[in-house]
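Structure, as structure tokens:
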Number of protein chains: 2
Amino acid sequence: MSQSITIKDIAKLLGLSKSTVSRALKDHPDISPETKRAVKEIAEKLHYKPNHVAISLRHRKSRMIGLLVPNISYFFFPSVIEGIEEIVHEHGYQLMILQSNESYEREVNSIDTMLANNVEGILASVSRKTEDFSHFKNVIDRDIPIVFFDRVPEEIKADMVLVDDIRGTYDGVKHLLDTGRKQIAICIGHPNLLISKNRLKGYKMALNEVGLEVEEKYIISGQSIDDVERATHQLLNQENPPDGIFAISDLTMTGIMRAIYANRLRIPEDIAVIGFCEEPFSTMYNPPLSTIQPMGFEIGKMATEVLFTRIQAEHGFMMTPEIHNITSKMVIRGST
Amino acid sequence: MSQSITIKDIAKLLGLSKSTVSRALKDHPDISPETKRAVKEIAEKLHYKPNHVAISLRHRKSRMIGLLVPNISYFFFPSVIEGIEEIVHEHGYQLMILQSNESYEREVNSIDTMLANNVEGILASVSRKTEDFSHFKNVIDRDIPIVFFDRVPEEIKADMVLVDDIRGTYDGVKHLLDTGRKQIAICIGHPNLLISKNRLKGYKMALNEVGLEVEEKYIISGQSIDDVERATHQLLNQENPPDGIFAISDLTMTGIMRAIYANRLRIPEDIAVIGFCEEPFSTMYNPPLSTIQPMGFEIGKMATEVLFTRIQAEHGFMMTPEIHNITSKMVIRGST
DNA sequence: ACCGGTTTCGCAACCGGTTGCGGTTGATAA
DNA sequence: TTATCAACCGCAACCGGTTGCGAAACCGGT
């Protein structure tokens, strides 16, 4: 039984044609009830499983959704994926997950394999290194729906689902101000990224609202935990160190926390900390961190729902792309 | 250009047959150099990309490896996946990642879609809920190589790649003893799991070696962070509380740490902590945790290498299954 | 002119399903 | 008796490549 059994096998056993078996299996009205029964019975007995590859080839569609993520190593993307899978499976589709690992080549490659595998739609979060977006244009030209989330290309016309960074940062910084902090620092990622810009915007909004000016010395950035740790050290050891820090991600938060611990500062007495962090990351610290939850699950769900409306829309009748902002939830814990 | 272009398109444009084009593209010696040049040139110009689905159907193989994991939400599996991807891509294959989410139905389902998609091999870590393993037997009967890792079924004859739990736990507990601890507790997962049994074994080995007896009250277990947190509370508040705890995973560690913090105990002064934990999890705490690193990356690599030797072996000529133990690395930090 | 051997290419079947269309059968109506 | 029609099923093409085999065209040698 090393070979999987096919429709032809069933047909031969029953003295029928392939077409009849195929139709019987899917309750086509042309087939008599007895024939259907016989076919289904033997199919059941032999554990017949249709070959998706053949179906995909014939129909030019695969019931598969391609997912491109930079990585799955931290909290955010896995939770997004959970949201995606919920909707994908609801529709009876399968998910094909590809990691770019922040590499442009692998990103292009991944898109190629998705197309070569006839995915019916693509969800994508782009790599940090990507600056040429023609592989995505390619997808759009082929009329394959694509929805970007979180890390989106700026120059592509497509649906986007984003965390509301401006609002989230504004909320977090405002909360720090509300608890009496005056010198609030922020740690951002790569300054070119849209998310960094937006978060800075929210930061400025909150400060300006209470008449504070943005000071350059309170803005640090870093690409890795170690980067951030070093930057935070400098930040804490300058004159007039901050009494509150807003971290932009789980990674920056880790670097910041390490530096704070190393400097023997107390949280929240000496310095308050809040930032964009996922569960269960934020509850592991001492004290548990107040956070702006990015709601990865909701982002995944929303992105996938948008994708399916595109898939189900008549081809050619494309609505204009939309941008969805998912507002984050602020959770106050011991660190502020 | 909404339709992707095929071999037939190229053939028509050049007045050739499909077969000639196909052969030209793969440098078949039967084709003249000029024809090859012409074909390749126009293929390049039109951005021709072969349709993997068609190739897969024809060859009955897909150059895809299926990966079944319970989840991708924590540190261990993502790092395993990194190792897997390294080897998979080295071989020019693609990885199809499916999550069971600890659900038996979804596990069976995932195996089905892998088979239906003609994967050439499967890497699997089974769900906690799985007790019937016939879906895996099915795979083996079909002569499709499968390698289990980390969470393995006991009653299936197949290659396995495991963390050396006995050795790892032994090392960790021994280290606690070496630093002068006398009452050492351990927190395990579900008692039925092989890993729990093995880790208990290592725990006992280390204790017995220095003439200590295993006491039931020092063995706790839990399925979730909250479970563990509660159990640790009880553990710490009984008479003769432990002065060292060995945690069996990132999850149990989180519960334990929360309970320790809540009880205002100092680490490592009052209680030392060590356990199986992944980077960067263990460095986030205060103090950074000593850990037994499970080496997910190595496990992934090893499992995939074994899988490819099976794939490349002549079918039928199956070697007997092997069990590989990956020894963990002990990293001493501030918590012990 | 004829033959054997290359070189170069096309025909057609095939992978495993799907589907338009046409054919056969039997029953019913005219 | 014959036309009509529904019920039921098979033929064959198709999706996009791959490949065994045969054939045409050309070569130099006799």
Side-chain angles (χ1 to χ4, degrees), chain A residues 2-40 42-43 46-64 112-120 142, chain B residues 2-40 42-43 46-64 112-120 142:
Chain A
S2 122
Q3 272 306 320
S4 64
I5 68 128
T6 73
I7 267 194
K8 206 197 291 182
D9 299 326
I10 301 182
K12 210 171 296 172
L13 280 174
L14 269 65
L16 291 171
S17 73
K18 290 197 306 177
S19 19
T20 304
V21 174
S22 170
R23 283 190 260 251
L25 285 171
K26 51 184 47 176
D27 274 327
H28 192 286
D30 271 9
I31 308 300
S32 75
E34 309 92 76
T35 311
K36 283 182 187 170
R37 207 191 29 71
V39 169
K40 285 178 182 171
I42 192 162
L46 298 183
H47 299 114
Y48 167 75
K49 295 275 163 53
N51 182 326
H52 288 195
V53 176
I55 296 173
S56 169
L57 178 59
R58 174 66 227 238
H59 282 160
R60 290 136 146 280
K61 52 175 74 172
S62 56
R63 297 189 81 70
M64 286 211 298
D112 274 352
T113 55
M114 287 181 190
L115 294 180
N117 280 89
N118 285 1
V119 297
E120 296 183 41
R142 284 223 212 177
Chain B
S2 122
Q3 272 307 319
S4 64
I5 68 128
T6 73
I7 268 195
K8 205 196 292 183
D9 298 325
I10 301 182
K12 208 171 298 173
L13 280 173
L14 268 66
L16 292 170
S17 74
K18 290 195 309 178
S19 20
T20 304
V21 174
S22 170
R23 283 191 258 252
L25 286 171
K26 50 184 47 173
D27 273 327
H28 192 287
D30 271 8
I31 307 300
S32 74
E34 309 93 74
T35 312
K36 284 182 187 170
R37 207 189 32 68
V39 169
K40 285 178 181 171
I42 192 161
L46 298 184
H47 299 112
Y48 167 75
K49 294 275 162 54
N51 182 326
H52 288 196
V53 176
I55 295 172
S56 169
L57 177 60
R58 174 66 226 234
H59 282 160
R60 291 136 144 280
K61 52 175 74 171
S62 55
R63 297 188 81 71
M64 286 211 299
D112 274 352
T113 54
M114 288 181 189
L115 295 180
N117 279 91
N118 284 2
V119 297
E120 294 184 42
R142 284 223 212 178

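Predicted model, so just to flag it, every value in this text is computed and none were measured. Chain identifiers are assigned alphabetically (A, B, ...) following the order of the sequence lines, protein sequences preceding nucleic acid strands; residue numbering begins at 1 within each chain.
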Query raised in the report: Start at the 5' end of DNA chain C and walk down; is the nucleotide closest to A/Lys18 or to B/Pro33 reached first?
Result: B/Pro33

Report task. Assess whether one donor atom and one acceptor atom, taken from the side chain of B/Arg23 and the base of D/dG17, lie less than 3.5 Å apart. Result -> no

Query raised in the report: Picking from C/dG10, C/dG17, D/dG17, which would you name as closest to the side chain of A/Ile7?
Result: C/dG17

Report task. Please state how far atom NZ in A/Lys36 lies from atom C1' in D/dA7, giving the value in whole angstrom units. Result -> 12 Å

Requested in this report: Respond yes when some side-chain nitrogen or oxygen of A/Thr35 is under 4.0 Å from OP1 or OP2 of D/dC9, and no when none is.
Outcome: yes

Requested in this report: Would you mind telling me which of C/dT19, D/dC8, D/dG17 lies closest to the side-chain atoms of B/Ala54?
Outcome: D/dG17

Query raised in the report: Just to confirm, is there a sub-4.0 Å distance from OP1 or OP2 of D/dT19 to any side-chain nitrogen or oxygen of B/His59?
Result: yes

Query raised in the report: Salt-bridged, B/Lys18 to B/Asp9, with N to O below 4.0 Å?
Result: no

Requested in this report: Would you check if there is a donor-acceptor pair between the side chains of B/Ser22 and B/Ser19 at a distance under 3.5 Å?
Outcome: no

Requested in this report: Would you mind telling me which of C/dG16, C/dC9, D/dC8 lies closest to the side-chain atoms of A/Ser32?
Outcome: D/dC8

**Report entry** Opposite nucleotide pairing with D/dT30, Watson-Crick or G-U, both atom distances under 3.5 Å
**Finding:** C/dA1

Query raised in the report: Side-chain donor or acceptor of B/Lys8 under 3.5 Å from a matching atom on the base of D/dG16?
Result: no

**Report entry** Residue A/Ile55, side-chain atoms from C-beta onward, closest of D/dT18, D/dC15, C/dG17
**Finding:** C/dG17

Query raised in the report: Is any side-chain N or O of A/Thr20 closer than 4.0 Å to OP1 or OP2 of D/dC9?
Result: no

Requested in this report: State which of D/dC21, C/dT18, D/dG17 makes the closest approach to the side chain of B/Tyr48.
Outcome: D/dG17

Query raised in the report: Could you state the NE2-C1' distance from A/His28 to C/dT18, rounded to the nearest angstrom?
Result: 10 Å

Report task. Taking only the side-chain heavy atoms of A/Ile31 (C-beta and beyond), determine which of C/dA13, D/dC9, D/dC8 contains the nearest atom. Result -> D/dC9

Report task. State whether B/Asp112 and A/Lys49 are salt-bridged, where the test is any N-O pair (Lys NZ or Arg NE/NH1/NH2 against Asp/Glu carboxylate O) under 4.0 Å. Result -> yes

Query raised in the report: Does a donor on one side chain and an acceptor on the other come within less than 3.5 Å for B/Ser32 and B/Thr35?
Result: yes

**Report entry** Distance test, side-chain N/O of A/Lys26 to OP1/OP2 of C/dT18, below 4.0 Å
**Finding:** yes

Requested in this report: Can you tell me the distance, in whole Å, between the CG atom of B/Asp30 and the P atom of C/dG5?
Outcome: 18 Å

Query raised in the report: Tell me: NE2 of A/His52 to P of C/dG16, nearest whole Å?
Result: 15 Å

Query - Donor-acceptor pair present, A/Arg58 side chain and D/dC14 base, under 3.5 Å - result: yes

Query - A/Lys12 NZ - D/dC9 P separation (whole Å) - result: 20 Å

Report summary line: Among the nucleotides D/dA13, C/dC21, D/dT19, whichever has the atom closest to the side chain of B/Ser22 is D/dT19

Query raised in the report: Does OP1 or OP2 of C/dC9 have a side-chain N or O of B/Ser19 closer than 4.0 Å?
Result: no

Query raised in the report: Could you state the CG-P distance from B/Leu14 to C/dT8, rounded to the nearest angstrom?
Result: 16 Å

Query raised in the report: What is the distance from CG of A/Leu25 to P of D/dC9, rounded to the nearest Å?
Result: 13 Å

Requested in this report: State plainly whether the residues A/Lys36 and A/Asp30 are in salt-bridge range, i.e. N to O under 4.0 Å.
Outcome: no

Report task. Find the distance B/Asn117:CG to C/dC15:C1' and express it as a whole number of Å. Result -> 15 Å

Requested in this report: Kindly say whether A/Asn118 contributes a backbone atom to a donor-acceptor pair with the side chain of A/Ser62 at under 3.5 angstrom?
Outcome: yes

